[in-house]
Amino acid sequence: MRVKNICCIGAGYVGGPTMTVIAQKCPNIKVTVVDINASRIAAWNNEELSKLPIFEPGLDEIVKDARGRNLFFSTDIDKAIDEADMIFISVNTPTKTYGKGKGMASDLKYVELCARQIARVSKSDKIVVEKSTLPVRTASAIKNILENTGNDVQFQILSNPEFLSEGTAVNDLLFPDRILIGGDNNERGQIAIQALVDIYSYWVPKERILKTNIWSSELSKLTANAFLAQRVSSINAISELCEKSGADVHEVANAIGMDSRIGSKFLKASVGFGGSCFQKDILNLVYIAKTYGLNEVADYWEQVIIMNEHQKNRFSNRIISTLYNTVSGKKITFFGWAFKKDTNDTRESAAIKVADNLLSEQAKISVYDPKVEEERVYADLEYLNSRNPDDNRELLTVQTNPYKASKDSHAIAILTEWDEFKTYDWQKIYRNMIKPAFVFDGRGILDIKKLEKIGFVCYKLGSGN
Ligand code: NAD
Ligand code: UGA
C-alpha cells in the first residue's frame, strides 16, 4: 500500500518537527498537521520563521522548504482525518492530576478523544500510528474504540514512538539511531507496517528500521527514557559523593565513559534532569509495574525520580548555606531557565524547583534565558502553586540582558548549559555584583579557575576540593 496523504493530530514539539521532516523527505506525500490550539497553528503558518511556536536549530529552513508545497498546518481536524490514509496521533500524554493514578499514570484523555474523532469521521480504511509516548497496551484501547464506534471501516494500529531530543530534533529526525515500528503479526498488520517502513525508507537506511510486536514497541519507548534518566540520576548521585570526597565528577565521568561498555554519553552531572518526558515516563513505568503487582520493579525505577528531586533541593540548599544561611532580600541571578540548551521549552526544568525553594526563603531572583519569555517563567511558577502569583512577580524579575540581570546581585546560578554563558565578560559581571560575589555552576560549564582569579567565590557541582 502506498500512502499519499498523512494527517498528524498534535502540532507540538513532536508533531511539528516530525511531520516537517517527513514532508521534506517525501515531496509526493501531502502532510497536514492539525491541532485544536488555533494560535499554535497560526504560529506554524507565520510568514516570519522566527515566530514558529517552537525553537529548534535548523527547523525554520525545512519548514520554509516544505510549507505550502506538501506540508500544511490547519485547525480543520475532521477534513484532514477524512482525507488521510495514515493518521499519526501526536498529542500530549501528561501525568494525571486527578483520580486513579493521580501523579503517576499518563493521562490518556487526549489520545482517547483523537481515537473517537478518527472513528466518527473516517469513511475509508486508515492506518492509525501512535506517535505519542503511551503505556504498554494502549493500542488495544485505541483499537477497541475505533472498532466499536467507527463506521465499519478497517483500522490498523501501529506504534511508532519518537526518540528525538529537544534542541537537536532536526538532526535526530534526519539521522535517527533507529526507527521503531510495532504492529500486528497478521497480514493486514504487516501491510500497515510496510507502508510506514516505505515512508521512512526515503531517508533512513533499512537496517535502522526495526519491526517488533506492538507491545514491545510501546514498552521500548518508556524503557529508553527510563534508562537515559537513570544515567543522569546515577552520575548525579556520584556528584554528591565527589563533593564530599574530593573527587571531581567530570573526571570520574570521563574515566568511566571511556569504558566502551558504559559509553561517554549522558554522563553530565547537572542540577537535575528536566523536560516534559523523563519524569512523566518513569512515573508511568512505575505505575504500570505497580498495577501488575511488581513492587520491587516499581521501587527500583522510582528511585531515579527521588534522586532527581534530591539533586534540585541539594543545589538550592547549597546556595542558601553558602550565602551565610540566609538569602532573604538577597538578589540571586539565574542564568538559564530552559530545561536544557538550544530550546525554549521549560517543562519540568530544574530551574523552576530551585527558584521555588529560594523564593520560599524570600530571595529576590533575576532570570536571564536567551530563549524563554517572561510570561513563561511566571506561568511555570504559578503552576507549582506554592505562593500567591503576585508575590512571585514581586520577588522575581525576568531580564533580557545578562549584564543587567546580574547587576547588584549576590550570586549567579547556572541552571541551563547555554554556550553563550561561557563567552560573557565575567570581569564586567564581577565589577557590578555585591561582594563577595558567588557563582554556583549547576551545569559544570564555566572555567572556575578563571572566575576565581577574577575574585568570584565558586561552587561547581560535583567538584570536591
Ligand atoms: P505538546 O504538548 O508540545 O503538543 C501536543 C499538542 O497536541 C498540543 O499542541 C495540543 O493542543 C494538541 N492536542 C491535544 N489534544 C488534541 C486533540 N484532541 N486534537 C488536536 N490536537 C490536540 O506535546 P509534545 O512535546 O509534542 O509531546 C507529544 C507526545 O510525544 C507525548 O506523548 C510525549 O511524551 C511524546 N514525546 C515528546 C518528545 C519531546 O521531545 N517533547 C519526544 C518524544 C516523545
Ligand atoms: C529525552 C530523550 O533524550 C529523547 O530520546 C526522548 O525522545 C525524549 O526525552 C522524550 O521522550 O521526550 P529531551 O528530554 O528532549 O529528550 O532531552 P535530553 O537531552 O534527554 O535531556 C533531558 C534532561 O536531562 C535535560 O534537563 C538535560 O539537561 C538532562 N541531562 C541530559 C543531564 O543532566 N545530563 C546528561 O548527561 C544528559
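Atoms within each ligand, like the ligands themselves, are counted from 1 in listed order.
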Ligand 1 versus [X], non-hydrogen atoms closer than 4.0 Å: side chain, backbone, both, neither?
{"X": "C277", "result": "side chain"}
{"X": "R347", "result": "side chain"}
{"X": "S165", "result": "neither"}
{"X": "Q117", "result": "neither"}
{"X": "L164", "result": "both"}

Within 45 degrees of the axis of the six-membered ring of [Y] and under 6.0 Å from its centre: does [X] put its NZ or CZ there?
{"X": "K143", "Y": "F155", "result": "no"}
{"X": "R137", "Y": "W215", "result": "yes"}
{"X": "R178", "Y": "F163", "result": "yes"}

Distance to 0.1 Å, residue and atom name: give those for the protein heavy atom nearest to [atom].
{"atom": "atom 1 (C) of ligand 2", "value": "F278 CE2, 3.4 Å"}
{"atom": "atom 15 (O) of ligand 2", "value": "E166 N, 2.8 Å"}
{"atom": "atom 28 (O) of ligand 2", "value": "R443 NH1, 2.7 Å"}
{"atom": "atom 5 (O) of ligand 2", "value": "F163 O, 2.8 Å"}
{"atom": "atom 35 (C) of ligand 2", "value": "K268 O, 3.6 Å"}
{"atom": "atom 30 (N) of ligand 2", "value": "V232 CG2, 3.9 Å"}
{"atom": "atom 19 (O) of ligand 2", "value": "K340 NZ, 2.8 Å"}
{"atom": "atom 4 (O) of ligand 1", "value": "G12 CA, 3.3 Å"}
{"atom": "atom 3 (O) of ligand 2", "value": "S165 OG, 3.0 Å"}

Practice task
Step by step, work out the salt bridge (Lys or Arg N to Asp or Glu O under 4.0 Å) result for R314 and E243.
Solution key: CA-CA 12 Å; R314 186 168 92 70; E243 288 173 24; 2.9 Å; yes
Using a 4.0 Å cutoff against the non-hydrogen atoms of [X], which atoms of ligand 2 qualify?
{"X": "S270", "result": "32 (C), 33 (O)"}
{"X": "E162", "result": "7 (O)"}
{"X": "C277", "result": "10 (C), 11 (O), 12 (O)"}
{"X": "L267", "result": "36 (O)"}

Practice task
Return yes or no for this condition: an N or O of L228 is under 3.5 Å from an N or O of ligand 2.
Solution key: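 In fact, backbone or side chain, L228 has no N or O that close.
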Handout entry: Polar atom proximity, F339 to ligand 2 (N or O, under 3.5 Å)
Key =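 Yes - when backbone and side-chain N and O of F339 are compared with those of ligand 2, one distance drops under 3.5 Å.
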Practice task
Answer yes or no: is there a side-chain heavy-atom contact under 4.5 Å between E302 and Y300?
Solution key: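 No, their side chains stay 4.5 Å or more apart.
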The one among [options] that brings a heavy atom closest to [atom]:
{"atom": "atom 29 (C) of ligand 1", "options": "V91, N225, T93", "value": "V91"}
{"atom": "atom 4 (C) of ligand 2", "options": "D281, L164, T343, T416", "value": "L164"}
{"atom": "atom 10 (C) of ligand 1", "options": "D35, I9, V14", "value": "D35"}

Interatomic distance, [X] atom [atom1] to [Y] atom [atom2] [nearest 0.5 angstrom]:
{"X": "M19", "Y": "L71", "atom1": "CE", "atom2": "CG", "value": "10.0 Å"}
{"X": "N92", "Y": "S132", "atom1": "CG", "atom2": "OG", "value": "7.5 Å"}
{"X": "N284", "Y": "N225", "atom1": "CG", "atom2": "CG", "value": "10.5 Å"}
{"X": "I89", "Y": "I9", "atom1": "CD1", "atom2": "CD1", "value": "6.0 Å"}
{"X": "K64", "Y": "L52", "atom1": "NZ", "atom2": "CG", "value": "12.0 Å"}
{"X": "I22", "Y": "Y200", "atom1": "CD1", "atom2": "OH", "value": "4.5 Å"}

Practice task
Before signing off on this row, confirm whether T133 and ligand 1 have an N or O atom pair separated by under 3.5 Å.
Solution key: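 Min N/O separation from ligand 1 is below 3.5 Å for T133.
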Problem - Whether K221 lies under 4.0 Å from ligand 2, heavy atom - result: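 Yes, that is the case, since the closest heavy atom of the residue is under 4.0 Å from the ligand.
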Practice task
Determine whether any heavy atom of G274 lies closer than 4.0 Å to an atom of ligand 2.
Solution key: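 Flag set, G274 near ligand 2.
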Exercise for the section: Among E130, K280, K109, find the residue that satisfies the side chain to side chain donor-acceptor pair (under 3.5 Å) test when tested with T93. Expected result: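 Per the side chain to side chain donor-acceptor pair (under 3.5 Å) rule, the option paired with T93 is K280, out of E130, K280, K109.
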Practice task
Look at the rings of F440 and F438 and say which category their plane angle falls in: under 30° parallel, 30 to 60° tilted, over 60° perpendicular.
Solution key: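 Ring orientation, 0 to 90° scale: parallel.
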Practice task
Determine whether the side chain, the backbone, both or neither of N225 has a heavy atom under 4.0 Å from any heavy atom of ligand 2.
Solution key: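 Side chain only.
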Practice task
Could you tell me if the ring centre of W418 sits under 6.0 Å from that of Y424?
Solution key: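 Not close enough - the centres of the two rings lie 6.0 Å or further apart.
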Handout entry: Qualifying residue, where the test is ring pair (Phe, Tyr, Trp, His ring centres under 6.0 Å) with F421 and the options are W426, F334, F335
Key =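 It is F335, the one option of W426, F334, F335 that forms the ring pair (Phe, Tyr, Trp, His ring centres under 6.0 Å) with F421.
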